[in-house]
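Note on naming: letters A, B, ... go to the chains in the order of the sequence lines (proteins, then strands), and numbering restarts at 1 for each one. Values below: all heavy atoms of this structure, side chains included; hydrogens, waters and symmetry mates excluded.
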Amino acid sequence: MKQYWLFKSEPTTFSIDDLVKSPRQTTCWEGVRNYQARNFLKSMKVGDLGFFYHSNTDPPAIVGIVQVVKAAYPDCFAFDSKSRYFDPRSVPDVPRWFLVDIRLVKKFPRALSLEQLRGINGLEKMELLRKGSRLSVQPVRPEEWQRVEGLLQDRKMTQSNPR
DNA sequence: GCCAACGTTGGC
DNA sequence: GCCAACGTTGGC
């Protein structure tokens, strides 16, 4: 059974356009230093889908869809003392932090803002919409995924059939 | 094991 | 820029 996720990034750090421009439109998802988020990374499987979310920007929004193309493997940035993600507590024999690789599936023609998401029925329990939610990698329920996908289809119809 | 202090996240 | 919410650290 396919799993769904949400990947959060500040566009000033790494945006969907950076992903568009990446080789093979693929990148490793680096910098996760939160145990809960790490555990979600470790439970990802190749083929899982995820929303790409821009945080700390105006407006915060889901801007595209990505796919997991490589399952969790040790984060070597944590071993590199020159990296901003260096963590001396993580050593190659007992790695503490992990990465997955993701590839762009599509960038939305129009971003789906946090405000719009709050107006969608069926997303009431979505982790992203929870007050105080800060997880940079989070699971999305299949029914939540379908709701958003369905809305995107509707928008497409609206675009191609004006009036 | 508790919890205060602190640093970070991220919407507004 | 503000500040609430959260995770982590470290003294005790």
Side-chain angles (χ1 to χ4, degrees), chain A residues 3-22 27-44 48-68 71-102 104-141 143-152 155:
Chain A
Q3 306 178 101
Y4 301 96
W5 309 96
L6 182 141
F7 295 86
K8 195 185 282 185
S9 181
E10 301 193 15
T12 52
T13 303
F14 188 83
S15 72
I16 187 119
D17 288 323
D18 292 325
L19 182 57
V20 168
K21 285 179 282 187
S22 297
T27 189
C28 63
W29 198 253
E30 65 191 61
V32 170
R33 294 291 179 272
N34 167 286
Y35 292 103
Q36 210 180 341
R38 177 203 66 180
N39 293 342
F40 287 135
L41 286 180
K42 290 174 83 170
S43 61
M44 289 180 186
D48 285 357
L49 294 173
F51 292 125
F52 194 110
Y53 177 80
H54 280 172
S55 67
N56 226 331
T57 189
D58 189 22
I62 292 176
V63 292
I65 291 178
V66 297
Q67 184 163 38
V68 176
Y73 57 101
D75 179 351
C76 55
F77 295 100
F79 311 142
D80 176 4
S81 63
K82 295 195 193 68
S83 168
R84 58 178 294 218
Y85 299 121
F86 176 59
D87 182 352
R89 300 167 303 177
S90 184
V91 294
D93 283 349
V94 193
R96 180 173 300 217
W97 304 114
F98 291 81
L99 305 171
V100 297
D101 287 354
I102 60 165
L104 181 72
V105 172
K106 62 179 164 189
K107 175 187 169 181
F108 297 158
R110 284 178 293 159
L112 185 57
S113 73
L114 184 62
E115 188 185 5
Q116 289 175 300
L117 287 166
R118 290 194 193 284
I120 300 175
N121 288 330
L123 300 189
E124 292 79 10
K125 291 201 291 184
M126 193 174 181
E127 170 66 23
L128 183 72
L129 305 186
R130 263 193 43 237
K131 185 177 180 181
S133 168
R134 301 194 319 183
L135 269 178
S136 62
V137 174
Q138 49 184 261
V140 173
R141 295 178 185 85
E143 59 269 29
E144 293 164 347
W145 184 271
Q146 307 305 341
R147 285 300 278 166
V148 176
E149 281 271 83
L151 187 98
L152 294 166
R155 290 205 303 178

>> Testing the basics here: between A/W145 and A/W5, what is the closest heavy-atom pair and its distance to 0.1 Å?
In response: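 Scanning both residues, the minimum pair turns out to be CZ3-O, 4.0 Å.
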> Between A/K106 and A/I16, what is the shortest heavy-atom contact and its length?
Replying inline: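 Smallest heavy-atom distance, with atoms named: O-CD1, 4.5 Å.
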Just compare [options] and give me whichever is closest to any side-chain atom of [X].
X	options	value
A/Y35	C/dT9, C/dT8, C/dA5	C/dT8
A/K8	C/dG7, B/dG11, B/dG10	B/dG10
A/Q36	C/dG7, B/dG11, B/dG10	C/dG7
A/R89	B/dC12, C/dT9, C/dG7	C/dT9

Output the rounded distance in Å from [atom1] ([X]) to [atom2] ([N]).
X	N	atom1	atom2	value
A/L6	B/dG10	CG	C1'	14 Å
A/F40	C/dG7	CZ	P	11 Å
A/Q116	B/dG11	CD	P	15 Å
A/L114	B/dG10	CG	C1'	10 Å
A/Y85	B/dT8	OH	P	13 Å
A/L135	B/dT8	CG	P	18 Å
A/E115	B/dC12	CD	C1'	11 Å
A/R118	B/dG10	CZ	P	13 Å

> Between A/Y73 and A/W97, does the ring centroid distance fall short of 6.0 Å?
Replying inline: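 For A/Y73 and A/W97, the ring centres are not under 6.0 Å apart.
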> Counting only N and O atoms by type, is there a donor-acceptor contact under 3.5 Å from the side chain of A/E124 to the main-chain atoms of A/G122?
Replying inline: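 Checked: pair present.
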[N] phosphate, OP1 or OP2: any side-chain N/O from [X] under 4.0 angstrom?
X	N	answer
A/K131	C/dA4	no
A/Y53	B/dT9	no
A/R134	C/dT8	no

>> Can you work out whether A/N56 or A/S133 has the more 5'-proximal nearest nucleotide on DNA chain C?
In response: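 So the residue in question is A/N56.
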> Applying the side chain to side chain contact (heavy atoms under 4.5 Å, CB included) test to A/F7, which of A/F51, A/Y53, A/W29 qualifies?
Replying inline: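 With A/F7 as partner, side chain to side chain contact (heavy atoms under 4.5 Å, CB included) holds for just one option, A/W29.
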>> Heavy atoms only, 4.0 Å cut-off, all strands: where does A/R33 land among base, sugar-phosphate and nothing?
In response: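 The answer is nothing, as A/R33 stays clear of every strand by at least 4.0 Å.
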